[in-house]
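I have placed the structure first, in the form of structure tokens, so that the comments after it can refer back to it.
Order of appearance sets the numbers: ligands from 1, and atoms from 1 within every ligand. Here, residue 1 is the first one in the sequence, and each next residue gets the next number.
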Amino acid sequence: MIEKFEELIDGYLNNGAGISNFFIPRPLVAQLRAHLDNLYFDGHLSVAGIGDVNNRVVNDTIRRDKIFWINSATENDAEKKFIELVEAFILYLNRTCYTGINAYEFHYAVYEPGTFYKRHKDQFKTNSERKFSLVSYLNEDWEEVDGGHLMLYPEDDDIVSIAPTAGKTVFFKSDEMEHEVAVCTKPRFSITGWLKRI
Ligand code: OGA
Ligand code: MN
């Protein structure tokens, strides 16, 4: 556990983004993905917006994913394990980096073929509670031709292109790192969330 937490934190401190290829154990990836497939096929996801709760608008020139918010008091076994992992990471981050994170929020996201999320930062202009972004992928057998890479644009460094492969997790500062989801050619599944100080 500590190793993958360190991997994310070291990567963030040294390069502006931490990447852990196996942050979510494979069996848990499969469990989460099965649950998300059910939610998706039962029509529970909704078109994502931009802006905070008071300024939310849908803009399909900026983003075209569909999302479903995870309830932190969930009774679902897979989601409980995911939340436990997140809480363990937050505890470790607060202890080692004095980040004072005291809240979080996560949603599933599905990008259908042809969809994307244009270059942006995750912290709202109207609300600075989001401190860190944590994105995890639920895609088995993802190939280069499937596209959908997460593109990172560090201020003084080269662009980083990250394939959204199963279990991989990316960690960066929400008000600093510009990033983009490149267009995908097959459905792309993920969990995106924010560690907050409120
Ligand atoms: C987001 C986002 C990145 C990804 O939802 O804000 O940038 O790789 N997601 O899904
Ligand atoms: Mn983002």
Side-chain angles (χ1 to χ4, degrees), residues 7-8 11-12 15-24 29 32-33 36-37 39-40 45-53 55-70 82 86 89 103-155 159-196:
E7 217 177 353
L8 291 182
Y12 158 63
N15 312 310
I19 303 171
S20 171
N21 283 325
F22 306 102
F23 185 78
I24 304 194
V29 171
L32 288 164
R33 175 59 190 277
L36 174 53
D37 282 351
L39 292 169
Y40 180 57
L45 275 71
S46 26
V47 173
I50 54 174
D52 70 27
V53 281
N55 301 281
R56 187 178 170 277
V57 288
V58 171
N59 183 334
D60 72 0
T61 65
I62 296 181
R63 75 184 291 190
R64 293 197 183 173
D65 53 326
K66 292 185 176 156
I67 65 166
F68 184 86
W69 288 98
I70 296 177
F82 175 76
V86 165
F89 178 59
Y104 56 80
E105 58 188 0
F106 283 86
H107 65 58
Y108 294 106
V110 177
Y111 287 77
E112 291 164 353
T115 65
F116 52 79
Y117 193 157
K118 296 286 190 206
R119 188 167 168 169
H120 66 282
K121 286 183 190 172
D122 283 346
Q123 195 179 85
F124 301 117
K125 291 185 176 76
T126 45
N127 180 327
S128 60
E129 290 175 356
R130 289 180 172 181
K131 302 304 179 192
F132 294 97
S133 305
L134 195 67
V135 190
S136 300
Y137 301 109
L138 308 176
N139 307 295
E140 303 287 352
D141 308 318
W142 196 265
E143 313 269 356
E144 277 305 301
V145 294
D146 301 328
H149 282 210
L150 170 63
M151 311 295 292
L152 300 179
Y153 300 94
E155 232 167 65
I159 298 171
V160 183
S161 173
I162 302 166
T165 55
K168 186 186 285 178
T169 293
V170 185
F171 174 65
F172 53 86
K173 196 112 182 297
S174 304
D175 62 338
E176 283 178 1
M177 183 61 77
E178 288 199 2
H179 57 283
E180 166 176 13
V181 179
V183 62
C184 56
T185 59
K186 72 175 197 194
R188 175 193 193 270
F189 300 86
S190 58
I191 298 178
T192 299
W194 295 278
L195 311 188
K196 312 204 298 187

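- For the pair Lys118 and Phe116, the cation-pi test (distance below 6.0 Å, angle within 45°) is passed.
- Counted by atom type alone, Tyr40 and Glu112 present one or more donor-acceptor pairs between their side chains at under 3.5 Å.
- Distances from the Mn ion (ligand 2) under 2.8 Å pick out these protein N/O/S atoms: His120 NE2, Asp122 OD1, His179 NE2.
- Under a 4.0 Å N-O distance rule, the pair Glu105/Arg130 qualifies as a salt bridge.
- Smallest separation of non-hydrogen atoms from Pro113 and Lys186: CG-CA, 3.9 Å.
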Pairs under 3.5 Å, nitrogen or oxygen of ligand 1 with protein nitrogen or oxygen:
from	atom 1	to	atom 2	distance (Å)
ligand 1	6 (O)	His120	NE2	3.2
ligand 1	6 (O)	Asp122	OD1	3.1
ligand 1	7 (O)	His120	NE2	3.2
ligand 1	7 (O)	His179	NE2	2.9
ligand 1	8 (O)	Tyr137	OH	2.5
ligand 1	8 (O)	Arg188	NH2	2.8
ligand 1	10 (O)	Arg188	NH1	2.9

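- Nearest approach of Ile70 to Tyr108, heavy atoms of both residues: CG1-CE1, 3.6 Å.
- The environment of CZ in Phe22 is sparse: at most 12 heavy-atom neighbours from other residues, nucleotides or ligands sit within 6.0 Å.
- Contact detail for Gly148 and Trp142: the closest heavy-atom pair is CA-CZ2, 4.3 Å.
- The shortest heavy-atom contact between Thr169 and Ile24 is OG1-CG1, 4.1 Å.
- The local environment of NZ in Lys66 is sparse, with at most 12 non-hydrogen atoms from other residues, nucleotides or ligands closer than 6.0 Å.
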